[in-house]
Amino acid sequence: MLIRKPDDILPSEITSEAVWRSRRELILRAGLAAAAAGLPGWAARSAFAQDAGALPGKADPALSVMDKQTSFADVTSYNNYYEFGVDKGDPAENAGKLQTRPWAVSVEGEAGKPRTFSIDELLKLAPLEERVYRLRCVEGWSMVIPWVGYSLSALLKQVEPTGNAKYVEFVTAVQRENMPGVRAAILEWPYVEGLRIDEAMNPLAMLVFGVYGKVLPNQNGAPLRLAVPWKYGFKSAKSLVKIRLVEKAPVSSWMRAAPQEYGFYANVNPGVPHPRWSQATERRIGEDGLFSPKRKTLMFNGYGEQVASLYQGMDLKANY
């Protein structure tokens, strides 16, 4: 497995400040900055002060890209996880107190056999695979990450979705004593995301338990999260506690906060700009220098061959 040495240039120096700050204008406009600033102090923790236990998975080249991988240091220190703060370094600094054991995920709703799975049951439910996926953030930066897990469909099939299961809603953890960010009204908690059932059953949609052959660090969404590589990163919900099969499209957290900016689909689409910035290009974290040209963003993040048929006949500008 290729692991690069951390780059000399800090991620904050690589990514355009204007891009990542523009998303946080939403928080400022809502008058939430003061609430966030009033959070109690938390002891600093290293990005690597995590469970470093191995979580090997068999490599799956059929569902992996050959792009140069982002370093483990960058993957685990440059994150959006607002439950732990709004700055990129906050999750690595504040997520150490997240309690990941015991852990259970309920799968319920329009299912013939709804049930609750412990994390240990989920780890044994299907063979673990390592898949190298692109991650494209809505803010205009990207990474290439070797996740460890298996297709979400393996779990959904266990509960036998009914014919009324048109969508899948994902609900994430709220630990108020351990997540300083949820004490501010940045978003409505818990964080909620959703997919259409056919999107969720696509082999690329992945339940993730590890990264770089190690147990998933807290700041990356331990103990399990989604990876939906053809959609912007906020669709890949972290620290899942509930999965609901439903008939109507769920309203995700960012849709509720800013419906004019964040739609249900959130497919990576260079032809549809965010209202406040272009999505035509991106900067790869840890790879490009401050003055290096940005790379062009690919439709569906480069996964069109696998997923474009899901949206045949749809207006992808209207269904952003």
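Starting from 1, each residue takes its place in the sequence as its number. The figures that follow rest on heavy atoms only: side chains count, while hydrogens, waters and symmetry mates do not.
Legend: residues meeting salt bridge (Lys or Arg N to Asp or Glu O under 4.0 Å) with Arg134, ordered by chain and number and at least two apart, are Asp67. With sequence neighbours excluded, the residues satisfying salt bridge (Lys or Arg N to Asp or Glu O under 4.0 Å) with Lys235 are Glu193. Legend: residues meeting salt bridge (Lys or Arg N to Asp or Glu O under 4.0 Å) with Glu110, ordered by chain and number and at least two apart, are absent. Every residue meeting the salt bridge (Lys or Arg N to Asp or Glu O under 4.0 Å) condition with Arg131, not counting sequence neighbours, appears here in chain and number order: Asp60, Glu129. Every residue was checked against the ring pair (Phe, Tyr, Trp, His ring centres under 6.0 Å) condition with Phe117, not counting sequence neighbours, and none meets it. Legend: residues meeting side-chain contact (heavy atoms from CB on, under 4.5 Å) with Ser118, ordered by chain and number and at least two apart, are Asp120, Glu121. Residues passing the side-chain contact (heavy atoms from CB on, under 4.5 Å) test with Ala59: none are found, sequence neighbours excluded. In terms of the side-chain contact (heavy atoms from CB on, under 4.5 Å) criterion, residue partners of Thr281 (sequence neighbours excluded) are, by chain and number, Lys294. Checked against side-chain contact (heavy atoms from CB on, under 4.5 Å), Lys317 has the following partners two or more places apart in sequence or in another chain: Val272, Asp315.
The salt bridge (charged side-chain N to carboxylate O under 4.0 Å, His left out) pairs that include a residue from residues 247-256 are Glu188-Arg256, where partners are two or more places apart or lie in different chains. Within the structure, salt bridge (charged side-chain N to carboxylate O under 4.0 Å, His left out) contacts touching residues 201-210 (residues at least two apart or in different chains) do not occur. Legend: salt bridge (charged side-chain N to carboxylate O under 4.0 Å, His left out) pairs involving residues 155-167, not counting sequence neighbours, sorted by first then second residue: Lys113-Glu160.
Interatomic distance, SG of Cys137 versus CG of Asn79, reported as 10.5 Å (0.5 Å rounding).
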>> side-chain hydrogen bond (donor to acceptor under 3.5 Å, both in side chains) for Tyr78 and Gln219? Distances and angles first, verdict last.
In response: CA-CA 9 Å; Tyr78 193 83; Gln219 64 265 31; over 6 Å; no
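A distance of 6.0 Å or more separates the ring centres of Tyr232 and Tyr265. Residues Tyr150 and Phe209 place their aromatic rings such that the two centres sit under 6.0 Å apart.
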